[in-house]
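First comes the structure, then the notes that go with it.
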Amino acid sequence: MTIHSHEVEASNFIKNIIEEDLKTGKHQVIITRFPPEPNGYLHIGHAKSICLNFGLAKEFDGICNLRFDDTNPEKETDEYVQSIKESIKWLGFNWDGEVKYASDYFDKLYEFAEFFIKQSLAYVCDLNADEMREYRGSLVTKGKDSPYRKRSVEENLNLFKQMREGEFADGAKTLRLKIDMASSNINLRDPVIYRIKRAHHIRTGDKWCIYPMYDYTHCISDALENITHSCCTLEFADHRPLYDWVIAHLVKANLLTSHPRQIEFSRLELQYTITSKRKLNQLVTDNLVSGWDDPRMPTISGMRRRGYNKEGVQLFAKRCGISKSPNIVDVSLLEASVREELENKAPRIMAVLNPLKVVLTNFDEYTASRSAGFHPQHAQLGERLVELTREIYIERDDFMLDPISGWQRLTANSEVRLRHSYVIKCDELIKDATGNIVELRCSIDKNTLGKNPEGRKVKGVIHWVSVTNAIEAQVRLYDRLFTEAEPDRVNGKDFKEFINPHSLTIVKGYIEPVIISSNAEDCYQFERLGYFVADRCDHDSSSNKYVFNKTVGLKDTWKK
RNA sequence: AGGGGAGUCGCCAAGUGGUAAGGCAUCGGAUUUUGAUUCCGACAUUCGCAGGUUCGAUCCCUGCCUCCCCUGCCA
């Protein structure tokens, strides 16, 4: 947890509302909720919402529920329920009491539907989908009343009962609220609140063949849970009048005691990625990624596998803020947050991903090795011996035959510091038949272990690894999944056209032997390369399987 | 065109009748056996545009412009 004193947490309009409600005594305690539909994995946008809802409860000493909005059995699975729970817990939040499900309220919802029928505020409609669309009107034209709108209470009660009992085919009838077909708000043009759908439900099995719709279910579920502040994204603002309409009638009839307040905020958009469950699902089903937890996915499980830690994701959410304005956040904000939370925790070790062999020609039995700290600022992370051997690998990128100006790494006849070891000088280049440099012959300045050379300054420091004792590992280098900052907003093109062909590169890496005892999800900084994490699924040091994912590179301010 | 929402630095985002917080990014400079970190410093005479009210407006009023969402028996 990094809370910088200079980084004042911005207030936001939702907090202002809550503070006011607490101050005026409208509420003694606030209750929020995170209400996912279990039809996919949670992504970065949900992470923002989770941090908001659970964060609000934490900050104001309130309560936050987890409630699955499971009203559409055709799309919902238990796999998704499990993954969602796991993602929330991993992010560091705990819901209050038992997990709730909208389906817990199906009986109540049915009862209330009968109430609306009895009030003559709901009716069974026989219009099919096409007809209903036609009767609904358009954005600019009013709708017209359904011919079934005037059915008697008795008939409606009976028909609704028969709907529940399976007397009618799927889609043959719906139960609709009787509001206003002429409303300029289409959500108020007699919205359907129950449809017939013979689908197996993850919780209620085959008990029901009619299922309530979101608009009807969500507000009632909120009220039943005494939610005080129901935060959702902007596209639901148009639904608020319906939310309030349903609740107000039920409260007036004493069937409900609380009237939650729906508050909308803008959803998070992140550059070079997509946050649409439907589209993410497409990437998975089309095998364009390895799964929902592919490290390139903006899903919580993907970010976790990528090595993003929960503190980093939380910091990111905090820095994004909450507002109602459209926003497309820079990836640099996410990456900076993740780096910042890894900086003080990740042990530093050395790894070479693109090796160039170096032979230390004057290496002998008196050549010493040093013990090096795992972190330059935090000695408590411990240290290990970094053993120098006659043959080492350095990064190919750290040698340049014709160095560009400002180059401070290795070049012919120049010196460089081997991190945690001696200063070496490149004396000779070995080339293969085609002229490629395949090896460097260097000499050690034996008077430079743990001290600066005398009479000159060697600025460059490069990382290296021993040829004889480095451990080979598979290293997966990740880049952004899309080549386009807004892949789903390019005129008439499918977002899949912009998948970055280089978003995954797999290389063989040579890493310090300390990783033989590493566990899955251990994070390291490979010095000068970036942060890496032992893959959650494939890394298994007990069977000598070393697999690391690149989490994020180090900041690189060197301008070439 | 009807309804809803939004326009404050490259990206987020506070503020609100009294003269523009903060973060990310960027650019300088110091320290550094990671060109990392850390540390200092710079970075909106201006708040979509045009009028008006006012001693004074990003904030109030009027008009305009731009963007997003809404016509599932999805959520």
Side-chain angles (χ1 to χ4, degrees), chain A residues 4 6-12 35-37 39 69 71-72 74-75 125 127-129 132-133 136-143 170-176 183-189 191-197 211 213-215 217-218 232-241 264 266 268 271 277-278 315-316 318-337 339-340 343-344 348 350 370 372 375-377 406-409 417-421 423 448 450-452 458-463 525-530 553-559:
Chain A
H4 303 264
H6 60 270
E7 196 172 320
V8 183
E9 191 160 350
S11 69
N12 65 54
E37 182 190 12
N39 67 343
D69 235 326
T71 56
N72 188 4
E74 284 169 333
K75 292 184 178 170
C125 183
L127 254 25
N128 64 33
M132 199 174 295
R133 192 174 311 116
R136 187 160 37 231
S138 75
L139 292 178
V140 288
T141 61
K142 296 180 188 323
D170 284 12
K173 285 178 167 45
T174 58
L175 183 70
R176 297 226 257 166
S183 173
S184 51
N185 183 341
I186 292 175
N187 296 117
L188 262 21
R189 319 241 262 229
V192 170
I193 60 169
Y194 267 94
R195 76 283 215 188
I196 303 172
K197 183 178 288 205
Y211 290 96
M213 300 281 288
Y214 166 84
D215 282 312
T217 309
H218 199 86
C232 62
T233 45
L234 238 35
E235 65 268 29
F236 291 101
D238 284 341
H239 298 242
R240 182 163 19 95
E264 311 86 17
S266 57
L268 170 76
Q271 285 184 334
K277 266 198 226 172
R278 207 196 90 242
L315 181 60
F316 169 71
K318 191 184 94 183
R319 286 175 168 174
C320 279
I322 298 291
S323 73
K324 298 177 88 142
S325 43
N327 62 88
I328 301 167
V329 179
D330 260 59
V331 280
S332 66
L333 187 67
L334 212 207
E335 295 185 338
S337 303
R339 270 195 212 103
E340 190 165 320
E343 162 64 26
N344 292 311
R348 272 62 166 164
M350 294 192 284
R370 227 179 103 181
H375 195 292
Q377 281 83 35
W407 182 259
Q408 45 186 246
R409 281 114 95 157
R417 159 79 63 183
L418 289 183
R419 167 116 248 227
H420 295 133
S421 192
V423 167
T448 56
K451 58 182 171 186
N452 288 126
V458 173
K459 187 122 202 279
V461 180
I462 62 171
H463 60 274
Q525 184 196 99
F526 292 173
E527 291 208 37
R528 303 210 307 132
L529 293 175
L554 258 26
K555 199 157 118 182
D556 183 5
T557 53
W558 183 50
K559 291 288 163 291

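FYI, side chains are in, hydrogens and waters are out, and symmetry mates aren't considered; it's all heavy atoms of this structure.
Counting only heavy atoms from C-beta on, S323(A) has its side chain closest to rA13(B) among rG35(B), rA13(B), rA25(B). Comparing atom distances between the D556(A) side chain and each of rU32(B), rG35(B), rA6(B) picks out rG35(B) as nearest. Looking at the side chain of R528(A), the nearest of the listed nucleotides rU33(B), rU34(B), rA6(B) is rU34(B). For R417(A), the listed nucleotide lying nearest its side chain is rU33(B); candidates were rU33(B), rG2(B), rA36(B). Listed candidates were rU37(B), rG7(B), rG35(B). Nearest to the side chain of S325(A) is rG7(B).
Nucleotides rG29(B) and rG52(B) place their P atoms 48 Å apart, quoted to the nearest Å. Taking atom C1' in both rC68(B) and rU32(B), the straight-line distance is 48 Å, to the nearest Å. Taking atom P on both rU8(B) and rU46(B), the two are 16 Å apart, rounded to the nearest angstrom. rA6(B) and rU38(B) are spaced 37 Å apart, taking the P atom of each and rounding to whole Å. Nucleotides rG18(B) and rG22(B), compared at atom C1', are 22 Å apart to the nearest Å. Comparing rA21(B) with rG28(B), their C1' atoms sit 23 Å apart, to the nearest whole Å. Distance noted for atom P between rG3(B) and rG63(B): 14 Å (whole Å).
At the heavy-atom level, P241(A) lies nowhere under 4.0 Å from the strands shown. Counting non-hydrogen atoms under 4.0 angstrom, R278(A) reaches nothing in the nucleic acid. Residue R348(A) is classed as a base contact, given a heavy-atom separation below 4.0 Å to a base. Using a 4.0 Å heavy-atom cutoff across all strands shown, G143(A) reaches no nucleic acid atom at all. Residue I322(A) is classed as a sugar-phosphate contact, given heavy-atom separations below 4.0 Å to backbone atoms only. Among the atoms of the strands shown, none is found under 4.0 Å from any heavy atom of G460(A).
Proximity of T217(A) to the phosphate of rA75(B): no side-chain N or O atom is located under 4.0 Å from OP1 or OP2. Between S11(A) and rA14(B) there is no side-chain N or O to OP1 or OP2 distance below 4.0 Å. Contact annotation: T557(A) side-chain N/O to rA36(B) OP1/OP2 distance is under 4.0 Å.
Nucleotide rG72(B) is shown with a syn base, its glycosidic torsion being within 90° of 0.
Taking 3.5 Å as the limit, the base of rU34(B) and the side chain of Q525(A) contain a donor-acceptor pair of atoms between them. Checked by distance alone, Q377(A) brings a side-chain donor or acceptor within 3.5 Å of a matching partner on the base of rU37(B).
K75(A) is linked by a salt bridge (Lys or Arg N to Asp or Glu O under 4.0 Å) to nothing, counting only residues two or more places apart in sequence or in another chain.
Ring geometry for Y214(A) versus F236(A): interplanar angle of 30 to 60°, hence tilted.
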Next item on the list: Report, as a single string ordered 5' to 3', how protein heavy atoms within less than 4.0 Å touch nucleotides 69-74 of chain B: B base, S sugar-phosphate only, - not at all.
Entry: BBBSBS

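To the nearest angstrom, P of rU31(B) lies 13 Å from CG of N452(A). Between D330(A) atom CG and rC9(B) atom P there is a gap of 14 Å when expressed in whole angstrom units.
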